[in-house]
Each structure stands twice: as structure tokens, then as C-alpha cells.
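Below is one structure, written out as C-alpha cells, with a few remarks after it.
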Amino acid sequence: MHVVHFTMTRPRDAPVPADGTVATALRAAAHLHRGPEHIRVHGSRAGARGVMFVIAPCPDTARALCLTVCAQAIAGTPELSGWFVHV
């Protein structure tokens, strides 16, 4: 099990999404993959910060999976359009 920290940043001109939007999007994207076990995320006016607990053979694989899940959450959620992620 690996713990991966991530940051999702909202563009300055984008509206702040409703509470729970980021968490819901991440959990929906995580269900498409094997490996993510638990996600904790805290939103702010700037975006969101969180941790993902991932079952993976190595830290690099865990980070890559976290990045994929975050990117899919952004791509699949219109309220997160234009956001970017850093793992």
C-alpha cells in the first residue's frame, strides 16, 4: 500500500465547484481501476488537496495510477474543466 499526495488546481477564472464535487468525481474515477483503496480530499477556493491510498507494486506505479484517476475525474466532470493535477 502506498500513500500518494496530490493537488488539483482550479484556474483563476473558473467558478468554485459545489462542496463534494471533487470527492464525488475522484471516487467515480477510482472505481474504474484496481488499486485505489481510499481517497481523502479537502477542497478550497484554489482547488483541492488530498491523499490516495493505492495498492501497487511500487511508488511510481501508485503515483501514475493516482494521476490517471485525478485526470479522469477532471475530464469527466464539467465543473472541473480546465483544472490540472500535480502528484
Side-chain angles (χ1 to χ4, degrees):
M1 175 86 61
H2 301 278
V3 178
V4 182
H5 296 264
F6 62 91
T7 303
M8 298 171 71
T9 305
R10 177 183 68 84
R12 290 183 190 261
D13 59 345
V16 176
D19 287 345
T21 299
V22 175
T24 299
L26 285 167
R27 288 185 182 107
H31 284 296
L32 301 174
H33 302 277
R34 297 178 72 191
E37 287 293 310
H38 185 69
I39 300 170
R40 298 288 282 175
V41 62
H42 300 282
S44 72
R45 296 187 61 80
R49 295 181 64 118
V51 294
M52 188 177 300
F53 296 80
V54 181
I55 295 175
C58 67
D60 288 339
T61 302
R63 282 191 294 276
L65 182 55
C66 180
L67 181 61
T68 297
V69 168
C70 290
Q72 287 178 336
I74 291 168
T77 308
E79 296 88 354
L80 304 181
S81 179
W83 285 42
F84 60 95
V85 62
H86 175 73
V87 175

Pairs touching residues 45-87 that satisfy ring pair (Phe, Tyr, Trp, His ring centres under 6.0 Å), sequence neighbours left out: His38-Phe53
If you round to the nearest 0.5 Å, how far is CD of Glu79 from CD1 of Ile74? 12.5 Å
Could you state the interatomic distance from SG (Cys66) to CD1 (Ile39), rounded to the nearest 0.5 Å? 7.5 Å
Do the side chain of Ser44 and the main chain of Ala46 share a donor and acceptor less than 3.5 angstrom apart? yes
Could you tell me the separation between the OG1 atom of Thr61 and the CD1 atom of Ile55, rounded to the nearest 0.5 Å? 13.5 Å
Of all the heavy-atom pairs spanning His2 and Ala62, show the shortest one and how long it is. CB-CB, 3.7 Å
Locate the shortest heavy-atom distance separating Pro15 from Arg10; write the atom from each residue and the value. O-CD, 3.5 Å
Heavy atoms of Ala29 and Ala73 approach each other most closely as CB-N, 3.8 Å
Nearest 0.5 Å, please: how far is CD in Gln72 from OG1 in Thr77? 10.5 Å
Transitive ILVMFWY side-chain link Val51 to Leu65, under 4.5 Å: no
Correct closest heavy-atom pair for Ser81 and Pro11 would be O-CG, 4.3 Å
Say you draw a straight line from CG of Leu80 to CE of Met8; how long is it, rounded to the nearest 0.5 Å? 5.5 Å
How long is the straight-line distance from NE2 of His5 back to CZ of Arg49, given to the nearest 0.5 Å? 9.0 Å
Pairing residues for Arg63 by the salt bridge (Lys or Arg N to Asp or Glu O under 4.0 Å) criterion, not counting sequence neighbours: Asp60
For Ala23 versus Val41, what's the shortest heavy-atom pair and its separation? CB-CG1, 3.5 Å
